[in-house]
Amino acid sequence: MNYSDILRVKENFQGRDLLSISDISKEEVLIIFEVAKLLKDMLKRGEPHPLLQGKSIALLFEKPSTRTRVSFEVGTYQLGAYPLFLSRQDLQLGRGETIGDTARTLERYVNAIMARVFKQDTLEELAKYARIPVINGLSDKEHPCQALGDFFTLWERGELKKEMKFVFLGDGNNVCASLALLAAKLGVNFLHISPPGYELPASIRAKASTEASANGVYSLHTNNPQGGIRDANVIYTDVWVSMGQEEETEKRKSDFLPYQLNQSLLKLASPDVKVMHCLPARRGEEITDEVMDGPHSIIFDQAENRLHIQKAILALLV
Ligand code: CP
Ligand code: NVA
């Protein structure tokens, strides 16, 4: 892939939304990876890549963010476009203007909307009314940009292999859902380990397991951390209490306690296991300092790759 190829492959992507991992095929995921790698290399060489010169991108947030906000804002700038940070409280949305009217207004000014929302329905509504691409920057259901950046991190290291075992330890929430769907799509064995009651939604499990079987791999769940982590090539975790679940904090902390990613659990994985986390982490809860800062961790490479993968997504969709 070279710079001029981006314009050619873009034809198939332009104008589409990215609300879920299910919106893209395996072939399209691999094109996004190639474009991300190219843009990452160009950035490191100091070569400009103003693929979206003169465009504007709205970045709408209903929840806090460090990585998503900064990587989208900086990435948009690096592509030659203008990023507008919009928080729900500052918009008329916060005073009851509808999502539909907001979408129909924004599309007259900007060329795409990235949104972090409480409900996936809000994204669907934005996409219904805006004739410009809408990108999911985290919802209650999924975090597709996160999962794409994470699998890109494995792919660029040459560690994305069919026979590998990818283990997610923690809540069957947004991040886990996008990872399960993407693992199935890419033909990677996926095991979710959680306490009872924190499984993925049945619809996601069914979709992931059907696609995994079609690709010759498994997508399974267990309650047993010690058994599940055995031979893992990747162990991934996320916070026990996601944004918006604060009132469940005490119950979740006690339910998840036996599911902490610590040194004694990590010892049961493959000797060259990679440790991953979407961040932000609650050090001492779902992951210990020793593991997070230890030799197996590729956590900050993941964080960096949010920038490169989202630039590829924007360059292709907008
Ligand atoms: N991983 C992630 O999306 O981080 P932020 O909440 O900081 O954006
Ligand atoms: N599951 C976490 C992910 C944060 C990036 C949350 O929704 O808060």
Side-chain angles (χ1 to χ4, degrees), residues 18-21 36 57-76 83 85-88 113-123 135-154 168-182 192-195 197-201 204 234-249 251-253 255-256 259-261 275-283 285-287 292 297-311 313-314:
L18 178 59
L19 306 188
S20 161
I21 289 296
I57 314 291
L59 309 175
L60 172 56
F61 286 87
E62 293 186 337
K63 297 179 182 183
S65 168
T66 298
R67 280 142 290 270
T68 306
R69 176 181 176 176
V70 178
S71 56
F72 264 107
E73 215 168 308
V74 170
T76 299
F85 171 77
L86 306 169
S87 81
R88 187 186 175 98
I113 303 170
M114 188 291 305
R116 165 166 290 194
V117 297
F118 282 98
K119 296 237 149 271
Q120 184 81 12
D121 293 349
T122 305
L123 292 170
I135 300 167
N136 180 353
L138 181 145
S139 70
D140 55 337
K141 296 277 190 294
E142 276 202 57
H143 199 358
C145 296
Q146 179 71 51
L148 286 164
D150 297 335
F151 273 93
F152 171 67
T153 306
L154 296 170
F168 184 93
L169 174 71
D171 192 12
N173 200 356
N174 40 21
V175 173
C176 182
S178 288
L179 290 170
L181 292 173
L182 190 51
H192 176 209
I193 309 176
S194 79
Y198 296 95
E199 297 84 4
L200 282 165
I204 300 281
V234 172
I235 175 79
Y236 194 120
T237 190
D238 183 12
V239 287
W240 294 340
V241 184
S242 283
M243 291 179 275
Q245 297 174 332
E246 289 74 13
E247 71 262 34
E248 298 170 32
T249 301
K251 174 163 172 41
R252 284 175 167 268
K253 274 184 168 174
D255 290 347
F256 278 102
Y259 294 80
Q260 183 189 62
L261 183 54
V275 170
M276 302 182 80
H277 193 307
C278 53
L279 300 176
R282 297 282 295 194
R283 287 169 174 262
E285 290 186 14
E286 77 276 4
I287 189 166
M292 190 154 162
S297 168
I298 55 169
I299 291 172
F300 292 96
D301 293 337
Q302 290 175 255
E304 176 188 335
N305 280 333
R306 294 290 303 282
L307 172 68
H308 310 302
I309 205 77
Q310 289 159 193
K311 282 169 69 181
I313 293 167
L314 288 171

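Start at 1 and go down the list; that is how both ligands and their atoms are numbered. Along the sequence shown, residues carry numbers from 1. Here the structure is a predicted model, which is why all the values come from computation and not from measurement.
- The L279 neighbourhood of ligand 2 comprises atoms 5 (C), with distances under 4.0 Å to a heavy atom of that residue.
- Residue-level proximity to ligand 1 for T66 is carried by backbone and side chain together, each with a heavy atom below 4.0 angstrom.
- Residue contacts with ligand 2 do not include D140, since none of its heavy atoms lies under 4.0 Å from the ligand.
- Shortest contact from atom 4 (O) of ligand 1 to any protein heavy atom: R67 NE, 2.9 Å.
- Per-residue contacts place C278 under 4.0 angstrom from the following atoms of ligand 1 (heavy atoms of the residue considered): 1 (N).
- For the pair K63 and ligand 1, no heavy-atom separation below 4.0 Å is found.
- Nearest protein heavy-atom neighbour of atom 8 (O) of ligand 2: M243 N, 2.8 Å.
- Heavy-atom contacts from other residues, nucleotides or ligands closer than 6.0 Å to CZ of R282 number 12 or fewer.
- Note that CG of L182 is 5.5 Å distant from CG of L148, once rounded to the nearest 0.5 Å.
- Side-chain polar atoms of E142 and S20 form a donor-acceptor pair below 3.5 angstrom.
- Protein heavy atom nearest atom 4 (C) of ligand 2, with residue, atom name and distance: L138 CD1, 3.8 Å.
- The closest non-hydrogen atom to atom 6 (O) of ligand 1, taken over H277, M243, R116, comes from R116.
- The shell of residues lying under 4.0 angstrom from ligand 1, judged by heavy atoms, excludes L138.
- The structure places CD1 of I309 at 11.0 Å from CG of L314, a figure rounded to the nearest 0.5 Å.
- The CZ atom of F152 lies 12.0 Å from the CD atom of Q310; values are rounded to the nearest 0.5 Å.
- The shortest N/O to N/O separation between D238 and ligand 2 falls below 3.5 Å.
- In terms of protein heavy-atom proximity, atom 7 (O) of ligand 2 is closest to N174 ND2, 2.9 Å.
- Looking only at heavy atoms of the protein, atom 6 (C) of ligand 2 is closest to S242 OG, 3.2 Å.
- Protein heavy atom nearest atom 2 (C) of ligand 1, with residue, atom name and distance: R306 NH1, 3.3 Å.
- In terms of heavy-atom proximity, S194 sits nearest to H192 at CB-NE2, 3.5 Å.
- Ring centroid separation for the pair F256 and Y198 comes in under the 6.0 Å cut-off.
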